Every structure is written in C-alpha cells, then in structure tokens.
Amino acid sequence: MKIATWNVNSLTARLQHVLDWLIANPVDVLCLQELKMTDDKFPLEVLKSAGYEAAVFGQKTYNGVAILSLAPVRDVVKNIENFADEQSRVIAATIETPSGPLRVINGYFVNGQEPGSEKFAYKMKWLDALHAYIARELAAHPNLVLLGDFNVTPEDRDSFDPVGLKETIHHTTEERDHFKALLGLGLTDSFRMFEQPEKSFSWWDYRMLGYQKNRGLRIDHILVSEPLRPLVKSCVIDRVPRKWEKPSDHAPVVLELGAGA
DNA sequence: ATGGTAGAAAATCTA
C-alpha cells in the first residue's frame with residue numbers, strides 16, 4: 001500500500017492538482033496540510049467520486065489538515081490530546097490494512113518564523129506536546145505513521161544552503177533536537193532508509209526562482225514505527241506536480257509499505 | 001536589511 005503527504009497551500013486553489021495527482025498516483029492514503037478552509041467548504045463529494053473518504057480538521061484562512069483514504073477510517077482524533085491549541089494542525093485516524101490496523105497521524109507543524117520570536121516559542125511548546133502525544137499513541141498503536149509538513153530540516157544535507165542558513169528557522173539545533181526526540185521514540189525517517197539523490201528537497205520558495213535553482217528544503221517527512229520498518233519498500237519525493245502551473249510550494253512524499261509477514 | 005511570490009482576505013498576515 002502507498003501512503004503520501006502533501007502540503008497543498010490551500011485546497012481551494014489546489015483541488016484540481018490533488019485530483020489529477022491521485023489519478024496518476026492512486027495512493028491508499030493521502031494526508032493534506034494547509035487546507036486553508038473550514039470543514040463546510042471541504043470538497044467531500046468530489047473526493048468521494050474519486051473513491052476517497054476523508055477525515056477533516058479545517059480552519060479558516062490558515063492551517064487545516066485532512067486524511068483521505070480509499071479504505072474506511074475510524075477513531076478520528078483532532079489536535080494534540082491534552083494540548084489546548086487554537087490552530088488546526090493535527091488529525092489522526094486508524095485505517096484497516098492487510099497487515100492489521102494502522103494509526104496515521106498527519107501534522108502541519110508550526111513554522112516558527114524566526115528563532116527568538118513568539119511564534120518560535122509556540123513551535124517549541126507545540127513540539128513538546130506532540131512528543132508526549134506520539135509517545136502515548138505508540139504505546140496504544142504499534143503500527144504507526146507520523147507524517148506531514150514538519151517545518152524542520154533534520155540534517156544539513158536537507159537544506160540547499162546549510163552554511164548560510166545555519167541556526168535560522170527550519171535549521172536550528174533546537175528544532176533538530178525535537179526531530180531527533182521523535183526518532184528517539186522508535187520512529188524512523190523512511191526517506192533515509194534508502195539511497196537518495198543529493199539535494200533532495202520537498203519545498204521550494206515561490207520567490208527568486210527557488211524551484212528552478214533547486215534552492216529548497218526537505219521539511220516534509222514520513223516517520224514509521226519499529227514494527228513497520230521491515231515493511232517499508234520505498235520512500236520518494238514526487239517533484240512532478242511542483243512543475244505544474246500554479247503549483248503548491250511543496251511536493252508530495254510517497255511511502256510504499258509491503259504486506260506484513 | 002530588504003525584497004522577491006503566493007494565498008486568503010480585505011489591511012495585512014503567514015509562509
């Protein structure tokens with residue numbers, strides 16, 4: 001089965017891209033971030049016609065996340081449990097697979113703007129709360145995938161300019177320590193289980209010909225729990241839709257899981 | 001240190 005993540009930067013603006021991409025890439029699960037719409041505006045019927053049901057946690061103007069799935073989803077949880085958050089950033093659901101139930105946790109992590117800012121402090125508190133939440137979820141659901149727009153480059157090789165951007169947003173030691181702490185729970189960055197091209201990125205700034213110059217960052221990730229590790233067949237970034245007209249600034253990342261033993 | 005682009009929304013805010 002295939003599971004993907006894609007920050008679409010407004011589902012209103014990108015619905016046709018999502019539908020076109022799903023026809024070319026009929027993944028079992030697609031996690032979306034930055035819907036920038038309320039639940040009542042979500043195109044449930046159109047996606048149902050495409051074969052997908054959806055769990056949605058929307059918000060006006062900013063944020064908003066959804067899980068699209070061919071198979072039924074259950075036990076939907078919105079936001080980080082025990083963390084008061086006005087922003088719609090996390091949605092979790094369980095999906096039945098040939099290898100048993102799979103917990104999917106889709107996150108639009110806080111951007112943080114600039115180290116030292118209020119938004120950065122919010123990012124750190126949010127990451128603390130997420131860590132505790134994921135620890136609890138792992139105890140309850142051995143087969144777990146945490147994916148989405150993490151807004152963190154895990155390592156220098158995940159940035160087009162690690163020297164020039166040292167300790168700036170997405171590159172700080174604190175952010176990377178939080179990412180490592182998630183790995184410390186037993187999660188694995190599936191993309192790095194495989195040899196990958198140099199300068200593999202998932203986001204490119206719209207400005208200054210960022211994509212054309214491959215001035216990007218790898219900030220969209222798919223982490224898998226220990227029991228899933230042996231099932232991981234591939235993890236790739238699909239740059240194709242980034243070349244389409246009026247693209248999202250992010251590319252989809254796709255994980256392939258084999259059947260269980 | 002500023003600006004460059006995109007989206008939502010209605011002047012800026014977020015990224």
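Note that the coordinates shown come from a computational prediction; the quantities given were computed from them, not determined experimentally. Only heavy atoms go into these numbers, but all of them, side chains included; no hydrogens, no water, no symmetry mates.
- For Arg229(A), the CZ atom is loosely surrounded, since the number of other residues' heavy atoms within 6.0 Å does not exceed 12.
- In the set dG7(B), dA6(B), dA15(B), the nucleotide with an atom closest to the side chain of Arg89(A) is dA15(B).
- For the 3.5 Å distance criterion, the side chains of Ser159(A) and His171(A) qualify, holding a donor opposite an acceptor.
- Taking the side chain as every heavy atom from C-beta outward, Val65(A) and Gln59(A) never approach each other to under 4.5 Å.
- Nucleic acid contact class of Tyr108(A) (heavy atoms, under 4.0 Å, all strands): sugar-phosphate only.
- In this structure, NZ of Lys246(A) is placed 9 Å from P of dA8(B), rounded to the nearest angstrom.
- Within the nucleic acid shown, Arg14(A) comes within 4.0 Å of sugar-phosphate atoms alone, with no base atom in reach, counting heavy atoms only.
- Mapping Arg207(A) and Leu35(A) onto DNA chain B via the closest heavy atom, the residue that lands nearer the 5' end is Arg207(A).
- Nucleotides dC13(B) and dT2(B) are separated by 16 Å at their P atoms, to the nearest Å.
- Counting non-hydrogen atoms under 4.0 angstrom, Thr12(A) reaches the backbone sugars and phosphates but no base.
- Here dA15(B) presents its P atom at 10 Å from CD1 of Ile169(A), a figure rounded to the nearest Å.
- The listed nucleotides are dA9(B), dA15(B), dG7(B); the one nearest the side chain of Lys119(A) is dA15(B).
- Separation of the Trp6(A) and Trp21(A) ring centroids falls under the 6.0 Å cut-off.
- Side chain of Met208(A), nearest nucleotide from dG4(B), dG7(B), dA15(B): dG4(B).
- Rounded to whole Å, atom P of dA9(B) lies 13 Å from atom CG of Asn9(A).
- Residue Lys36(A) is the one, among Lys36(A) and Gln113(A), whose nearest nucleotide of DNA chain B lies closer to the 5' end (criterion: closest heavy atom).
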